[in-house]
Protein chains: 2
Amino acid sequence: MNENRKHDSNAQDRTDRDWDLLYEIRQRVIQSVAKNMDLFGVTPSVGRLYGTMYFHGQPMTLDEMRDELGMSKTSMSTGVRSLQEIHMVYQTWKKGVRKDLYQAEEDWYKTFIELFTTKWRKAIEINSKEVSNAKGLLEHLWQNTHDENLKRIVAEDLEKLQHASEYYDWLSRLVESFETGEIFKFIPKKSEA
Amino acid sequence: MNENRKHDSNAQDRTDRDWDLLYEIRQRVIQSVAKNMDLFGVTPSVGRLYGTMYFHGQPMTLDEMRDELGMSKTSMSTGVRSLQEIHMVYQTWKKGVRKDLYQAEEDWYKTFIELFTTKWRKAIEINSKEVSNAKGLLEHLWQNTHDENLKRIVAEDLEKLQHASEYYDWLSRLVESFETGEIFKFIPKKSEA
DNA sequence: TCTTTCGTAAAATAATTACTGTATAAACAA
DNA sequence: TTGTTTATACAGTAATTATTTTACGAAAGA
């Protein structure tokens, strides 16, 4: 082995170690982010999938994901689909590429708001409906029953439901401020430091 | 059977039906609320437990809960404990009562804020730490590597992490506005209708 | 046309989480 | 003290959810 090749080889080794280090650092961030993604109702594996795509930066195929994560292609398929459903990943096209290409949404404000609003909107809608329905029924019951004890309890319940309605109204306005972006007037993206 | 008793009996039947109706109405609301409580990371059974306690209105014992929900006492014990941990239920005492008494937190604004802030605070803390740690390591790598390709990639990653930091900062200020109650200046509890 | 490649459906397995029954320690009562 | 009652730890079971393997239809290429 001559001096030149020895030198080259050492340089290459160093560079290899540098690349390894990069992936190691990424991995730690991905793991951390993925672990906390259950707040979005996303499972850690799917979270890791998102993180991998996020750092990959460019469109990825299902096969690449499988190689990167060492999981089955089917898992990648379902994982990507669930990420698409919550708009954290979108499909892209590239001329001449046959495989499906997917890319991670990079705007985290957007994903946060998207997730928060859709999840809570649904809950608010369902619950408010149920609450106002119950209110109607209880009012009717209150007017028609002859049992004074029951009447008192029903009145209490009605008060509880009234509180619930007001709470859902507040929550709805909160969600709206996210949907419209009004929230950024109150909490601006850049902190004035 | 004389006329009087017949009359009484009919009145009693009507009253019984009224009470049944009350419980039925409650049940529907409880079910709806419980189902949507997974947004708080609460399982439907535990959600039903909360709902039951909420409508019960006064302190409940584990045995009463078991009777009400038809589940094991152990489940009630662990369920109540988990609700206590997220401050949706608190323990009370009553002179002369030996059993533990628990009561549902009635202020839903409070529980929403409590849940939202503790969950996100933790995630923000963990992730920001990891991100700023990664930033340091990547900066060092950027300065020390000789591979120009790698250097470019590292710079890209650093930019991503910078975005992440800013996002977490925003989220942190959002959470803070909930913690301090400032949010109510922006979204008041009562809507001006 | 036939063959290959791709994505995903469906069934099977693995892993996780929820729930129950039994056992036990602590608190109380007699 | 001894005997009850209460809450919960622990171990086992049931139910749910995540993941993989196999299989197949659709699209693309030869």
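Computed over heavy atoms, backbone and side chain alike; hydrogens, waters and symmetry mates excluded. So that the names make sense, note that chain A is the first sequence line, chain B the second, and so on, each numbered from 1.
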Colleague: Whole angstroms only, please: what is the CE-P distance between B:Met65 and D:dT6?
Modeller: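 Distance, rounded to whole Å: 14 Å.
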Colleague: Would you please enumerate the stems DNA chain D participates in, each stem being three or more consecutive Watson-Crick or G-U wobble pairs with both distances under 3.5 Å?
Modeller: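 Consecutive-pair runs (3 or more) involving DNA chain D: C:1-30 with D:1-30.
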Colleague: Do B:Glu139 and B:Gln143 have side-chain atoms, one donor and one acceptor, less than 3.5 Å apart?
Modeller: no
Colleague: List the steps and the verdict of side-chain contact (heavy atoms from CB on, under 4.5 Å) for B:Thr145 and B:Val154.
Modeller: CA-CA 10 Å; B:Thr145 191; B:Val154 169; 5.8 Å; no
Colleague: Given C:dA10, D:dA9, C:dG7, which nucleotide is nearest the side-chain atoms of A:Leu62?
Modeller: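 From the listed options, C:dG7 comes nearest.
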Colleague: Across the strands shown, which category fits A:Thr78 at heavy-atom distances under 4.0 angstrom: base, sugar-phosphate, nothing?
Modeller: nothing
Colleague: Look at the side chain of B:Thr43 and decide which nucleotide, out of C:dA18, D:dA9, C:dA9, has an atom nearest to it.
Modeller: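 Nearest to the side chain of B:Thr43 among the choices is C:dA18.
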Colleague: Got a sec: does the CH2 of A:Trp142 have more than 12 other heavy atoms crowding it under 6.0 Å?
Modeller: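 For A:Trp142, atom CH2 is not crowded (no more than 12 foreign heavy atoms under 6.0 Å).
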Colleague: Measuring to OP1 and OP2 of C:dC6, would you say a side-chain N or O of A:Lys73 lies under 4.0 angstrom away?
Modeller: no
Colleague: Please check the phosphate of D:dT19 (OP1 and OP2 only) for any side-chain N or O of A:Thr74 closer than 4.0 Å.
Modeller: no
Colleague: Report yes if at least one side-chain N or O of A:Ser75 is closer than 4.0 Å to OP1 or OP2 of D:dT20; otherwise report no.
Modeller: yes
Colleague: Provide, to the nearest angstrom, the distance between the CZ atom belonging to B:Arg66 and the C1' atom belonging to D:dT5.
Modeller: 12 Å
Colleague: Calculate the interatomic distance between B:Leu49 atom CG and C:dT20 atom P; express it in whole Å.
Modeller: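 After rounding, the gap between these two atoms is 12 Å.
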Colleague: Give the rounded distance in Å between these two atoms: NZ of A:Lys99 and P of C:dG7.
Modeller: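 Rounded to whole Å, this separation is 7 Å.
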Colleague: Within the pair A:Ser72 and D:dT21, is there a side-chain N or O less than 4.0 Å away from OP1 or OP2?
Modeller: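 A:Ser72 to D:dT21 OP1/OP2: no side-chain N or O under 4.0 Å.
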Colleague: To the nearest Å, how far apart are B:Asp38 CG and C:dT17 C1'?
Modeller: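 After rounding, the reported distance stands at 15 Å.
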Colleague: Which word best sums up how the rings of B:Tyr109 and A:Tyr167 line up, parallel for under 30°, tilted for 30 to 60°, or perpendicular for over 60°?
Modeller: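 Rings of B:Tyr109 and A:Tyr167: perpendicular, as their planes differ by over 60°.
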Colleague: Check B:Glu176 with B:Arg173, please: is the shortest side-chain N to carboxylate O separation under 4.0 Å?
Modeller: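 A salt bridge is absent here (no side-chain N lies under 4.0 Å from a carboxylate O).
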Colleague: Does C:dA9 have OP1 or OP2 sitting under 4.0 Å from an N or O in the side chain of A:Arg81?
Modeller: yes
Colleague: Please report, rounded to the nearest Å, how far the C1' atom of C:dA30 is from the CZ atom of B:Arg98.
Modeller: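 Rounded to whole Å, this separation is 12 Å.
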Colleague: B:Lys94 has an atom NZ; how far is it from atom C1' of D:dT6, in whole Å?
Modeller: 18 Å
Colleague: Parallel, tilted or perpendicular: which describes the rings of A:Tyr50 and A:Trp108, with under 30° parallel and over 60° perpendicular?
Modeller: tilted
Colleague: Could you state the CG-C1' distance from A:Asp100 to D:dA27, rounded to the nearest angstrom?
Modeller: 11 Å
Colleague: Once hydrogens and angles are ignored, does a donor-acceptor distance under 3.5 Å link the base of D:dT6 to the side chain of B:Thr61?
Modeller: no
Colleague: Respond yes when some side-chain nitrogen or oxygen of B:Ser77 is under 4.0 Å from OP1 or OP2 of D:dA7, and no when none is.
Modeller: no
Colleague: Between B:Thr74 and B:Ser77, does any side-chain donor sit less than 3.5 Å from a side-chain acceptor?
Modeller: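 Side-chain D/A pair, B:Thr74 to B:Ser77: absent.
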Colleague: Can the ring centres of B:Trp120 and A:Phe116 be said to be less than 6.0 Å apart?
Modeller: no
Colleague: Among C:dT20, D:dA7, D:dT19, which is the nearest nucleotide to the side chain of A:Met71?
Modeller: D:dT19
